[in-house]
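Please read the structure below before turning to the comments.
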2 protein chains.
Amino acid sequence: MSAKYEATVTAPVNIAVIKYWGKRDSALILPTNSSLSVTLSQDHLSTRTTIRASPDFGKDRLWLNGVEEDIAASKRLINSITTARNLRAALEQKLLSEGAPAETVVPLSKWSLHVCSENNFPTAAGLASSASGYAALVKALGVLFDLPQSTSDLSRVARVGSGSACRSMFGGFVAWQAGVSDDGHDSFAVQVADRQHWPELQALILVASDKKKAISSTAGMQTTVETSELFAERVRSVVPKRMEAMQRAIAERDFGTFAEITMRDSNQFHAVCLDTYPPISYMNDISRSIVSLVHAFNAARGRVAAAYTYDAGPNAVIYALKDDMRDLVELVTYCFPRDDSTLLEAFYPNSFAIFDSADQVGQRLTRPEVAQLAETAGKFPPGSVRRIIHTEVGDGPRVLPDSESLLNDAGMPKHAKE
Amino acid sequence: MSAKYEATVTAPVNIAVIKYWGKRDSALILPTNSSLSVTLSQDHLSTRTTIRASPDFGKDRLWLNGVEEDIAASKRLINSITTARNLRAALEQKLLSEGAPAETVVPLSKWSLHVCSENNFPTAAGLASSASGYAALVKALGVLFDLPQSTSDLSRVARVGSGSACRSMFGGFVAWQAGVSDDGHDSFAVQVADRQHWPELQALILVASDKKKAISSTAGMQTTVETSELFAERVRSVVPKRMEAMQRAIAERDFGTFAEITMRDSNQFHAVCLDTYPPISYMNDISRSIVSLVHAFNAARGRVAAAYTYDAGPNAVIYALKDDMRDLVELVTYCFPRDDSTLLEAFYPNSFAIFDSADQVGQRLTRPEVAQLAETAGKFPPGSVRRIIHTEVGDGPRVLPDSESLLNDAGMPKHAKE
């Protein structure tokens with residue numbers, strides 16, 4: 001039995017607190033502005049990817065969640081794989097030119113690949129999987145190809161697959177520096193602080209049901225760049241100030257500032273979407289109700305105790321410190337009561353008792369001030385929020401042992417759906 | 001029987017196509033930027049106001065839609081009445097100093113007033129009545145006090161009552177020049193074109209149901225001025241260009257340009273509301289569905305054939321030329337079917353047959369391309385749009401004969417509710 005050239009990794013989801021929206025170069029995926037995100041725990045949300053290279057494979061093949069996809073249909077997939085393969089080819093050449101024996105330099109760059117990828121959360125969750133997906137792909141390619149695991153190199157490769165994927169190459173708090181060069185060599189992600197830096201910070205994901213198919217972010221952001229008369233002002237003078245202030249807030253664990261910038265930047269992102277022609281709307285009435293509820297919660301607390309942020313869809317991610325999270329969960333589950341289809345996911349290891357007994361959710365309001373708030377806000381139709389995930393800040397991509405491979409001995413998916 | 005000093009007028013509603021949002025002086029109601037509106041027909045939407053002055057009245061009194069209001073509670077009402085009264089006092093003094101016999105100069109400025117005001121549309125329609133209300137008040141005061149009816153003078157008085165009221169002092173197409181002076185003498189409305197200038201232009205008002213109480217525009221706009229980081233850019237560089245382009249479009253009856261600027265400016269107004277902290281949302285999911293429907297209608301037409309605009313609430317006003325209005329009405333009434341509470345108001349004199357038979361509305365789709373559009377958009381829950389008003393461009397305030405007075409001989413409301 002010959003040696004198996006294979007790597008299996010997982011990569012995390014990240015949620016931006018300063019939003020990426022707009023490219024200055026669509027081919028290289030160079031953004032108009034820097035952005036900053038929080039990496040969420042892979043215990044709850046992640047993509048696992050196995051890649052094997054073999055001289056026996058006839059062509060590159062890809063399976064996503066058990067279903068084979070046409071690689072040729074995705075320029076971004078081809079871009080990512082080709083970029084990594086070129087780096088491997090250069091490495092092989094370098095090793096040979098340095099006198100390495102030919103039999104020790106495996107010509108992986110010339111072999112076809114089988115890529116198998118699975119999310120541990122259903123796509124129906126309404127959570128973008130492209131960041132974790134491309135980060136897992138690139139991390140696996142990097143491990144398989146034995147590429148230098150330097151921070152910036154792989155992040156750049158991930159970027160050409162999906163912009164925000166470059167931020168999922170790290171755990172903790174991550175900044176994607178926009179860069180200024182035309183070739184993109186200075187546009188990559190860096191870790192601002194690791195996951196242990198701020199252990200009290202937690203996240204609550206509220207998945208709002210939505211029947212409408214939203215405009216893709218790839219198409220949407222370029223229409224914004226071309227048509228919004230306010231967008232240039234955001235890029236020129238607002239975001240640079242916020243990037244600085246946000247990094248300071250994270251360094252100082254200053255939740256009030258972190259939270260206010262997070263909310264303001266989410267709102268401004270959706271504002272420039274609305275200023276686009278034709279306008280783009282991702283948030284719906286449920287999203288907006290959650291915005292109001294968070295501001296009411298903060299007003300009742302007399303400080304900024306929670307912060308919402310919305311990506312290109314109606315789902316809310318709410319950041320709060322551990323000590324405030326219980327009341328927030330009680331409030332949210334009271335105002336957005338569950339129906340039979342609601343999923344409650346308390347992946348968080350030290351999650352609250354309220355999550356232990358799902359039947360009780362929406363019934364309990366421990367503190368009188370929360371009860372009062374809930375009464376004022378009122379109850380929304382059951383099932384308006386159809387999934388609640390309570391999670392925390394997480395680490396970067398993980399390399400898994402062979403036993404966790406998604407491919408069988410023949411190099412085919414273990415969990416194929418057909 | 002002594003002479004009766006009284007005036008009765010009506011004043012119209014206006015709908016801005018370039019939005020007023022933000023004051024540089026809250027006391028004088030001086031705006032941060034110029035705005036431009038279309039005056040709608042008073043046959044459909046107007047406020048009627050009768051004001052009588054008498055030495056027998058003990059104090060100023062006001063009735064709105066049959067219910068007495070406390071004048072002292074409204075600084076804006078006091079401002080408007082005091083400003084007009086001061087102008088009258090100056091006029092009386094001037095006449096006397098020019099040698100007019102004392103018995104010909106009635107000391108109206110010293111007498112108390114009875115003000116009676118009624119809208120011909122219910123407040124429940126969700127249409128702002130402050131513009132027509134203050135315009136009617138000031139027009140009636142001007143007539144009663146025999147003030148110079150020069151364009152700018154009364155418009156300035158109306159402005160101190162309610163900013164957008166200054167635009168309701170004229171028919172047709174009206175610009176409110178922001179002005180630059182601190183005392184506001186250069187901040188008033190001017191007519192850009194009269195109502196006969198563009199007879200093909202029509203308006204369709206769609207009242208969207210909304211349970212939520214929106215933040216008042218007075219409070220909201222100042223929060224925007226203080227907190228939106230994009231607002232200054234709108235004021236500085238976007239609106240001035242749009243004011244010029246819009247006036248040119250109206251002069252040339254260029255509907256495509258008129259419509260695109262109208263939609264872009266409505267969107268930008270709501271964008272800066274969203275960029276406000278805490279964010280302000282006036283549009284709801286129904287509003288946004290109408291936005292999508294109008295863009296789909298335009299895409300199907302291959303030209304910009306209709307334009308939506310939204311004020312500080314969820315209701316849409318759609319402008320279209322007469323030849324496109326029939327299809328638009330069919331489309332809207334199909335996608336937003338009526339329920340028992342829906343009101344259809346075809347005030348427009350030459351309104352379409354489709355409005356004649358309310359039962360049929362929502363059933364007919366004359367043209368196949370409209371039917372196809374409607375199918376794609378789908379049907380929304382019945383009653384989502386609960387009132388539809390089809391109207392046209394209208395004239396400015398009208399002076400009515402004594403027979404139309406709202407006050408009886410005793411100076412009390414004819415239609416009091418108690």
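Quick note on labels: first sequence line is chain A, next is B, and so on, each numbered from 1. Reckoned from all heavy atoms, side chains included, excluding hydrogens, waters and symmetry mates. Computed from a predicted model, the values in this text were never measured in an experiment.
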Is it the side chain or the backbone of A/T227 that comes within 4.5 Å of chain B heavy atoms, both, or neither?
both

Enter the distance from A/M246:CE to A/S37:OG here, rounded to the nearest 0.5 Å.
10.5 Å

Do you know the tightest heavy-atom contact between A/A305 and A/D324?
CB-OD2, 3.7 Å

Determine, for A/F336 and A/K379, whether the Lys NZ or Arg CZ falls below 6.0 Å from the six-membered ring centre while staying within 45 degrees of the axis.
no

Less than 3.5 Å apart, any donor N or O on the side chain of A/K23 or A/T218 sitting next to an acceptor on the other?
no

Picking from B/A232, B/A271, B/S228, which has the most non-hydrogen pairs under 4.5 angstrom with chain A?
B/A271

Do B/W198 and B/F258 make the cut of ring centroids closer than 6.0 angstrom?
yes

Under 4.5 Å from any heavy atom of chain B, what part of A/H270 do you find: side chain, backbone, both or neither?
both

Could you have a look at B/D285, B/V294, B/L230 and say which one has the most heavy-atom pairs with chain A under 4.5 angstrom?
B/D285

Taking every heavy-atom pair that is under 4.5 Å apart, which of A/V272, A/V238, A/D275 has the most such pairs with chain B?
A/D275

